[in-house]
Structures are given as structure tokens and as C-alpha cells.
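For reference, the structure is listed below as C-alpha cells.
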Amino acid sequence: MALSGGQRVAIGRAIVRHPKEFFLGSPSMNFIPVQVADVKDDAVLVESDELSPVWIPSRGKSYTKGQNVELGIRPQYIEPHHERHANSFSGHIVLTERLGTETVLEIKRLNGQSVIACVSQDEVFDIGEEASLSFDPERVHIFAE
């Protein structure tokens, strides 16, 4: 898709005026709403109805117990599995797109939210299959709402 000059200018203005609202990339980052359950000096314990409690590095930012935050997880850092793993949530595969060196999966979580995962290994997942989606807490970003 090619953008006209006016469209490019409009996108540039929006990025400059509201930079916190844009995450550029393809596929885009996944955002998972969670709540802060506990806080330590350098880590935050987060949890939700679908995610077991997991410690995430706070990276020098401060959070409070009970605060609603979002985990930002890039698609290449989400690992789908055929069975439940630690630091994971579940969903059903609704799309698979094999691109040669990677496979892009769209997984519909139990709450209806879609998550995108890019899998580098040549593993086959079937549409409708339940998958457990795990992630490395060191690769997650926390965004305050």
C-alpha cells in the first residue's frame, strides 16, 4: 500500500504530537492487561484471570500494588506450546501463516483478545487447536495505564 503525501504528513504529525500512542512494527506488539500483585526493589509481580502470577523486571520504574498495567510482548517472544507451561496463558489458534523461515499465529485468548506469535521453528499448529502461550519475563515491557 502506498501512502499519498498528505497521508504521510498526517501520520508524521500524529507521531510527533502523541508519541506514546504509536508502536510501529509488523506484526505489532501484543498488550496483555494485568494487575500488580506485589512489588520488590527491582521486580513487579503481575497476574490476571488468565495468567498465573509472574515476576517482571521493573527496570527502574515504580508501581503500586493493585495498579492496572499492560504487559507489552513482541510476537517473536511468545512461544506457543501444545501443553501448559509456566508464565503462560491459553487460547485457540484462529490463523496460521507459514512464511518459510517463520510461522505467524493468531491466537484468540479466552477473554476474546487476539495475540500474535511469530514462531521460528518449523512446528505445525492446527486452526482450532488449543495452545499455551509462554514468554520470557526478561523480554516483557510494562506500561502503566
Side-chain angles (χ1 to χ4, degrees), residues 1-3 7-8 10-40 42-145:
M1 173 176 80
L3 299 175
Q7 289 170 317
R8 287 191 299 268
I11 289 172
R13 280 187 187 142
I15 291 171
V16 170
R17 290 180 181 161
H18 308 286
K20 292 181 182 181
E21 297 176 14
F22 287 89
F23 289 90
L24 302 177
S26 179
S28 56
M29 184 178 280
N30 296 293
F31 293 98
I32 311 298
V34 295
Q35 189 173 61
V36 175
D38 197 5
V39 179
K40 286 188 179 177
D42 59 350
V44 177
L45 182 68
V46 298
E47 63 185 359
S48 74
D49 292 342
E50 294 184 48
L51 178 66
S52 56
V54 58
W55 287 98
I56 307 289
S58 60
R59 295 182 175 87
K61 296 181 182 174
S62 61
Y63 301 94
T64 57
K65 190 173 179 177
Q67 182 179 5
N68 291 321
V69 296
E70 289 188 331
L71 301 183
I73 310 171
R74 297 188 191 283
Q76 64 268 31
Y77 300 139
I78 292 180
E79 299 178 30
H81 303 279
H82 295 280
E83 65 280 334
R84 186 87 173 165
H85 276 69
N87 305 335
S88 68
F89 46 91
S90 297
H92 289 89
I93 297 176
V94 296
L95 175 105
T96 63
E97 187 173 357
R98 297 183 79 176
L99 302 174
T101 59
E102 69 181 5
T103 299
V104 177
L105 302 173
E106 179 181 351
I107 301 100
K108 186 78 71 168
R109 293 179 39 214
L110 300 175
N111 68 2
Q113 179 185 18
S114 287
V115 173
I116 303 295
C118 292
V119 184
S120 60
Q121 67 268 21
D122 191 22
E123 190 170 352
V124 176
F125 288 86
D126 296 320
I127 292 179
E129 179 181 352
E130 185 171 344
S132 175
L133 307 168
S134 66
F135 56 89
D136 179 356
E138 294 291 327
R139 295 188 173 256
V140 172
H141 301 277
I142 302 174
F143 298 96
E145 292 184 342

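- In terms of heavy atoms, Val54 sits closest to Pro137 at CG2-CG, 3.7 Å.
- Between Thr96 and the choices Val119, Asp126, Val104, Leu105, the side chain to side chain contact (heavy atoms under 4.5 Å, CB included) rule is met once, by Leu105.
- Looking only at distances, no side-chain donor or acceptor of Glu79 sits under 3.5 Å from a matching main-chain atom of Ser134.
- The shortest heavy-atom contact between Met29 and Gly72 is SD-CA, 3.6 Å.
- Taking each heavy atom of Phe89 and Glu50 in turn, the nearest pair found is CB-O, 3.5 Å.
- Of the options Val44, Ile56, Val46, a side chain to side chain contact (heavy atoms under 4.5 Å, CB included) to Tyr63 is made by Val44 and by none of the others.
- When every heavy atom of Asp136 is checked against every heavy atom of Val140, the shortest pair comes out as O-CG2, 3.6 Å.
- Proximity of a side-chain donor or acceptor of Gln113 to a complementary backbone N or O of Phe31 within less than 3.5 Å is detected.
- Note that CD of Glu70 and OG of Ser48 are 11.5 Å apart. Values are rounded to the nearest 0.5 Å.
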Task: Ile107 and Leu133: CA distance, side-chain angles, deciding distance, side-chain contact (heavy atoms from CB on, under 4.5 Å) verdict - done: CA-CA 9 Å; Ile107 301 100; Leu133 307 168; 3.7 Å; yes
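- Residues Ala144 and Val69 share a closest heavy-atom pair of CA-CG1, 4.1 Å.
- Put simply, the side chain of Ile73 reaches to within 4.5 Å of the side chain of Ile32, judged on heavy atoms.
- Residues Arg109 and Val115 have side chains in contact (heavy-atom distance under 4.5 Å, counting atoms from C-beta outward).
- To the nearest 0.5 Å, the span separating CD on Glu106 from CD1 on Ile127 amounts to 10.0 Å.
- Looking only at distances, a side-chain donor or acceptor of Asn30 sits under 3.5 Å from a matching main-chain atom of Ile116.
- The structure places CG of Asp38 at 9.5 Å from CD of Glu47, a figure rounded to the nearest 0.5 Å.
- To the nearest 0.5 Å, atom CH2 of residue Trp55 and atom CG of residue Leu45 are 4.5 Å apart.
- Distance check, rounded to the nearest 0.5 Å: CD of Glu97 to OG1 of Thr103 gives 9.0 Å.
- We find the CG-CZ distance between Leu51 and Phe135 to be 5.0 Å, quoted to the nearest 0.5 Å.
- Nearest heavy-atom pair, Glu102 versus Cys118, reported as atom, atom and distance to 0.1 Å: OE1-CB, 3.9 Å.
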